[in-house]
Amino acid sequence: MGNCCLKPAKCAHASSTNFSSGTTGSHNNELKQDSTTSSQKASLGSFKKSFETSAVDASVPGNLKSFSFSDLKNATKNFRSETLLGEGGFGCVFKGWLDENTLAPTKPGTGIVVAVKRLKAESFQGHKEWLAEVNYLGQLRHENLVKLIGYCAESENRLLVYEFMPKGSLESHLFRKGDQPIPWATRMRIAIDVARGLSFLHGLNANVIYRDLKASNILLDSDYNARLSDFGLARDGPTGDNTHVSTKVVGTRGYAAPEYVATGHLTPKSDVYSFGVVMLELLSGRRAMDDERANFVEETLVDWAKPFLSDPRRVLRIMDTRLGGQYSKKGAQAAAALALQCLHTDPKNRPPMIDVLTALEKLNATKDVPTTLAPSKLDSHRIKHVNSPCRNNRATTNLI
């Protein structure tokens with residue numbers, strides 16, 4: 001939420017674009033509540049109601065800390081400009097400091113570091129995204145999802161407190177000129193981390209669709225381990241005999257699946273397409289959309305790369321020249337072939353994320369994988385759903 005385009009973002013929570021209008025921060029009006037198991041549905045429903053009325057009660061999951069606005073003002077030095085990490089349509093993200101044990105505000109440089117996202121008072125759409133983020137990240141825990149520590153819902157104030165990801169977003173490292181390029185092995189580890197996060201979401205009972213996968217929403221810790229952030233546009237997937245969820249078309253140009261843009265039909269395969277775009281960015285070092293290419297004629301990365309991806313003799317031409325050839329050619333060809341499968345025009349022909357993850361893990365282990373994926377063995381790879389809200393989450397030193 002809040003595209004950090006006005007200032008460099010250490011903690012990027014990017015907003016989304018409505019494809020029909022081109023405006024920032026628009027998304028669907030309905031937020032479904034059955035994002036996890038049946039035992040959590042009542043909790044999530046009452047959780048939403050309590051926030052809409054600003055009456056926070058015992059229905060709030062116990063793993064989230066309720067902060068006062070005063071506490072978060074103190075933790076961020078009164079939201080001073082020197083603590084600003086990024087800003088955009090949603091609002092601003094600030095750096096803050098909390099006591100490791102009590103989570104009380106503390107002096108800068110002491111305790112643990114957190115990222116505090118503050119909703120703009122006039123941002124009605126941002127409130128919906130804020131609520132979605134609380135609903136999903138308040139219930140879900142996974143090593144490749146950013147950790148939500150707590151919230152503030154005091155009067156008109158809406159804030160979220162996250163673990164701090166010191167390396168910022170993948171976008172800030174992959175495309176920033178003059179920076180040391182991310183090595184090939186690290187790029188593949190990031191791809192695996194993202195695939196694990198998506199596989200977890202798609203393996204839940206409600207098969208949660210992330211819907212806004214892009215480089216700015218992938219955050220990195222001090223060891224370049226990747227976590228998905230910004231769940232403001234997440235949506236429960238189709239259930240029963242339904243093949244898709246119909247929604248307003250929101251997301252980010254260049255990343256969204258073509259059938260979703262055309263029809264509003266959302267499925268987990270929409271995320272698979274977006275993952276294919278991120279794979280292309282990791283391979284090429286180019287942005288999904290770049291006005292500087294083709295004399296300011298909008299050309300997507302997919303449009304540019306597909307002719308190369310479909311020809312094994314030319315596929316290495318898409319590789320990031322900053323890598324200096326320091327990568328396995330067979331591995332790069334295999335990764336490009338995998339990206340091409342994810343980008344298939346027909347969503348039925350895209351592999352499920354669990355198969356993508358299996359292929360990437362094999363690539364990481366052997367430096368080579370087949371150009372086609374074997375059928376999925378879902379029984380052996382099924383991601384277990386969350387059975388109950390997590391216990392109280394104390395921020396640890398690995399947040400710093």
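Keep in mind that what you see is a predicted model, and the values were worked out from it rather than measured.
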Does either side chain, that of [X] or that of [Y], offer a donor lying less than 3.5 Å from an acceptor on the other one?
X      : Y      : answer
Asn217 : Ser169 : no
Lys147 : Tyr162 : no
Thr358 : Asp355 : no

Donor-acceptor pair, distance only, cut-off 3.5 Å: does the side chain of [X] make one with the backbone of [Y]?
X      : Y      : answer
Ser199 : Met353 : yes
Glu100 : Gly111 : no
Arg314 : Ser310 : no
Thr102 : Asp99  : no
Gln341 : Arg350 : no
Asn135 : Leu131 : yes
Arg211 : Ala234 : no

Do NZ/NE/NH1/NH2 and the carboxylate oxygens of [X] and [Y] come within less than 4.0 Å?
X      : Y      : value
Asp271 : Lys269 : no
Glu82  : Lys95  : no
Glu163 : Arg227 : yes
Arg286 : Asp320 : no
Glu259 : Lys348 : no

For the student: nearest non-hydrogen atoms of [X] and [Y], plus distance:
X      : Y      : value
Leu323 : Trp184 : CD2-N, 3.8 Å
Ile209 : Pro268 : CD1-N, 3.7 Å
Leu84  : Cys92  : CD1-CB, 3.7 Å
Ala288 : Val277 : CB-CG1, 3.6 Å
Arg118 : Asn157 : NH2-OD1, 4.2 Å
Val249 : Tyr260 : CG2-O, 3.4 Å

Rounded to the nearest 0.5 Å, what separation is found between the [atom1] atom of [X] and the [atom2] atom of [Y]?
X      : Y      : atom1 : atom2 : value
Tyr273 : Thr267 : OH    : OG1   : 13.5 Å
Leu198 : Arg196 : CG    : CZ    : 12.5 Å
Leu220 : Ser172 : CG    : OG    : 7.0 Å
Ser284 : Phe308 : OG    : CZ    : 11.0 Å
Tyr327 : Arg187 : OH    : CZ    : 10.0 Å
Asp223 : Arg189 : CG    : CZ    : 7.5 Å

Checklist entry - Can you list the steps and then say if Arg287 with Glu171 is a salt bridge (Lys or Arg N to Asp or Glu O under 4.0 Å)? => result CA-CA 9 Å; Arg287 294 180 181 272; Glu171 178 186 51; 3.1 Å; yes
Next on the checklist: Between Cys342 and Met279, is the side chain to side chain contact (heavy atoms under 4.5 Å, CB included) condition met? List the steps.
Outcome noted: CA-CA 9 Å; Cys342 293; Met279 279 288 291; 5.9 Å; no
Item to check | Step-by-step side chain to side chain contact (heavy atoms under 4.5 Å, CB included) determination, Leu363 to Met188 | outcome: CA-CA 9 Å; Leu363 170 60; Met188 291 301 97; 3.9 Å; yes
Next on the checklist: Show, in sequence, the C-alpha distance, side-chain angles and deciding distance for Phe94 and Leu72, and conclude whether the side chain to side chain contact (heavy atoms under 4.5 Å, CB included) test is met.
Outcome noted: CA-CA 10 Å; Phe94 297 87; Leu72 297 184; over 6 Å; no
Side chains of [X] and [Y], heavy atoms from C-beta outward: is any pair under 4.5 Å?
X      : Y      : answer
Leu213 : Val194 : yes
His173 : Lys167 : yes
Leu266 : Arg235 : yes
Trp97  : Thr76  : no
Asn207 : Leu201 : no
Leu145 : Phe200 : yes
Thr239 : Val245 : no
Leu174 : Ile182 : yes

Item to check | Steps toward ring-ring contact (aromatic ring centres under 6.0 Å, His included) verdict (Tyr151, Phe67) | outcome: CA-CA 6 Å; Tyr151 62 90; Phe67 291 94; 8.0 Å; no
Item to check | Arg253 vs Thr300, side chain to side chain donor-acceptor pair (under 3.5 Å): CA-CA, chis, key distance, verdict | outcome: CA-CA 8 Å; Arg253 292 180 183 275; Thr300 68; over 6 Å; no
Next on the checklist: Run the side chain to side chain donor-acceptor pair (under 3.5 Å) test on Thr252 and Lys214 for me, step by step, so that the C-alpha distance in whole Å, both residues' side-chain angles and the decisive distance to 0.1 Å come before the verdict.
Outcome noted: CA-CA 8 Å; Thr252 303; Lys214 53 187 175 183; 2.7 Å; yes
Item to check | Step-by-step side chain to side chain contact (heavy atoms under 4.5 Å, CB included) determination, Val161 to Leu159 | outcome: CA-CA 7 Å; Val161 181; Leu159 300 93; 5.7 Å; no
